[in-house]
Protein chains: 2
Amino acid sequence: MKYAEFQKQIKITRKSICKEFYKQNQDSIRIKKEETVIRNLEKIFNAALKISNAKGFQAMSMRDLSNEMGLSTGALYAYFSSKEDLLNKMQEHRHNIVMHIIDKYISPEKNAYQKLDMMIKVHLYLSEAMQPWFYFSYMETKNMSKSQREKTVAASFAIEKVITDIIKQGQEKRCFNKHDPDMSASIIKAMLQDWYLKRKKYATRNISVDDYAEFIKMVIMAFLNNP
Amino acid sequence: MKYAEFQKQIKITRKSICKEFYKQNQDSIRIKKEETVIRNLEKIFNAALKISNAKGFQAMSMRDLSNEMGLSTGALYAYFSSKEDLLNKMQEHRHNIVMHIIDKYISPEKNAYQKLDMMIKVHLYLSEAMQPWFYFSYMETKNMSKSQREKTVAASFAIEKVITDIIKQGQEKRCFNKHDPDMSASIIKAMLQDWYLKRKKYATRNISVDDYAEFIKMVIMAFLNNP
DNA sequence: GTCTATATACGGATAGAC
DNA sequence: GTCTATCCGTATATAGAC
């Protein structure tokens with residue numbers, strides 16, 4: 001699978017993200033006309049990600065946000081009850097999407113090699129399709145309320161555990177060598193995250209997500225097969 | 001070399017960091033008695049790193065800072081002319097220390113293998129000794145003034161280039177295989193950075209900086225020697 | 001050299017008009 | 001459903017006392 005194909009298979013459009021969000025948070029949004037809500041949510045998320053990722057969520061005021069996306073501050077509060085509410089809901093939403101899609105793509109694969117290969121690709125492709133969301137989530141975790149932060153950290157560990165389990169499975173079947181599975185998963189995660197954390201750098205160097213996937217797959221397999 | 005030895009060789013104490021800082025910024029600090037300045041700088045940096053790394057530099061007010069470190073807000077402004085000034089000077093200071101020490105340790109090494117080995121260790125050991133500084137620098141880069149941000153990004157690329165050059169040298173001497181040197185340096189950097197970005201995780205799992213150094217050295221050498 | 005008190009500005013959130 | 005006007009709290013930065 002290449003990125004182009006992944007994109008066709010699951011349409012992670014900005015609109016689809018908002019539609020899903022609306023369904024899950026219908027009760028906490030004061031506006032009731034679906035079409036309006038989705039249109040405005042799209043504007044809110046794009047603006048919030050743009051401003052936050054440029055200068056940090058804390059530095060973004062709700063006035064900044066309303067100016068950028070076109071609604072008044074008052075109207076904004078019909079969608080999110082507070083600035084913190086916006087942060088928490090965005091984090092939660094990203095994490096739901098990610099866990100759902102990873103599971104969808106990994107479960108069908110049978111052997112460890114194919115699972116790991118798929119995990120690398122799906123994680124990179126997802127973070128490519130939703131780059132601002134991933135960057136936002138990473139950079140703003142420490143600014144969240146304690147309970148929300150714990151949720152986010154747990155979600156991050158859950159993803160790491162998917163990798164750990166694949167490695168253990170591969171070691172049992174003797175398809176991978178016996179390196180520490182936790183450490184292995186950890187550095188694999190670090191490489192996966194570098195893609196969305198340093199996206200500008202890779203863009204400047206004309207490295208596509210497919211190039212990157214191929215390279216780190218080579219690195220990972222070289223060491224997992226190295227005695 | 002192990003971490004314990006590195007620590008003995010260069011005493012990166014909090015005090016020595018402040019002393020060096022004082023020498024380089026003597027003119028912009030209104031207080032003149034060296035002893036007082038160094039004592040207060042130490043308090044300021046510790047408090048700023050503590051608060052910033054917990055909830056972000058933007059979210060830290062100068063009042064927070066003065067409460068935490070014991071000076072009045074007014075007195076604080078005798079040391080730093082603004083909150084932004086504090087951010088920029090801290091970034092610059094960290095980057096001076098890092099470049100200086102990396103050069104000191106890498107230059108004497110002759111062959112590429114030893115240079116790379118040393119680079120991995122020195123970077124990890126430095127980021128261990130100055131973890132709050134490294135974390136701060138990484139997380140707050142995007143919040144800096146444009147010129148300061150460009151400096152920081154350039155400094156980061158300079159470090160990456162040290163790695164790239166070592167890899168190229170090793171490839172010429174046929175001690176490493178022909179993988180893309182830029183991409184190789186890039187993912188090595190990602191693994192080095194993971195150490196200070198996820199320090200809590202590794203602490204929880206009882207992974208020491210020496211364990212980590214050994215593990216990623218194994219990963220890196222496995223792939224650099226893999227045809 | 002350091003502290004207290006304060007000027008000035010801006011942010012989050014809401015009430016009420018339309 | 002959305003906008004304007006506004007309250008109240010808090011931020012940076014400084015002036016002047018000690």
D64(B) near the nucleic acid: base, sugar-phosphate alone, or nothing, with a heavy-atom cut-off under 4.0 Å? nothing

Return the nearest nucleotide to the side chain of T36(A); candidates are dT2(D), dG11(C), dA13(D). dT2(D)

Taking OP1 and OP2 of dA15(C), is either one under 4.0 Å from a side-chain nitrogen or oxygen of Y77(A)? no

What's the CD-C1' distance between E84(A) and dA13(C), to the nearest Å? 14 Å

Take the protein atom CD1 of I29(B) and the nucleotide atom C1' of dT2(C), then report the distance between them rounded to whole Å. 15 Å

Check the distance between dT4(C)'s P and N67(B)'s CG and give it to me in whole angstrom. 11 Å

Nearest whole Å is fine: how far is dA15(C) P from L76(A) CG? 17 Å

Anything under 30° is parallel, anything over 60° is perpendicular, the rest tilted; go ahead and classify F134(A) against H123(A). perpendicular

Counting any heavy atom closer than 4.0 Å, what does N40(A) reach on the DNA or RNA strands: base, sugar-phosphate only, or nothing? sugar-phosphate

First encountered from the 5' end of DNA chain C, between R63(A) and G70(B): G70(B)

According to the interplanar angle, ranging from 0 to 90°, do the rings of F45(B) and W133(B) count as parallel (below 30°), tilted (30 to 60°) or perpendicular (above 60°)? perpendicular

Contact class for Y79(B) (heavy atom, under 4.0 Å): base, sugar-phosphate, or nothing? sugar-phosphate

Using whole Å, what does the distance between atom P of nucleotide dT12(D) and atom CG of D85(B) come to? 14 Å

Return yes if a side-chain donor-acceptor contact under 3.5 Å exists between S28(A) and K89(A), otherwise no. yes

Nucleotide dG12(C), atom P - distance to CZ of F80(A) in whole Å: 15 Å

Which comes earlier along DNA chain C counting from the 5' end, the contact point of I31(B) or that of T73(B), where each point is its nearest nucleotide? I31(B)

Report the C-alpha separation of Y202(A) and D211(A) in whole Å, then their side-chain angles, then the decisive distance to 0.1 Å, and conclude whether the side chain to side chain donor-acceptor pair (under 3.5 Å) test is met. CA-CA 10 Å; Y202(A) 293 114; D211(A) 296 335; over 6 Å; no

For the atom pair NZ (K121(A)) and CD (E5(A)), what is the distance rounded to the nearest 0.5 Å? 9.5 Å

To the nearest angstrom, how far is M62(A) atom CE from dT6(D) atom P? 21 Å

Name the nucleic acid region contacted by S72(B), choosing base, sugar-phosphate or nothing; use a 4.0 angstrom heavy-atom cut-off, strictly under. base

With the side chain defined as heavy atoms from C-beta on, L71(A) is closest, among dA11(D), dA13(D), dC3(D), to dC3(D)

Separation of dT10(D) C1' from L65(B) CG (nearest whole Å): 16 Å

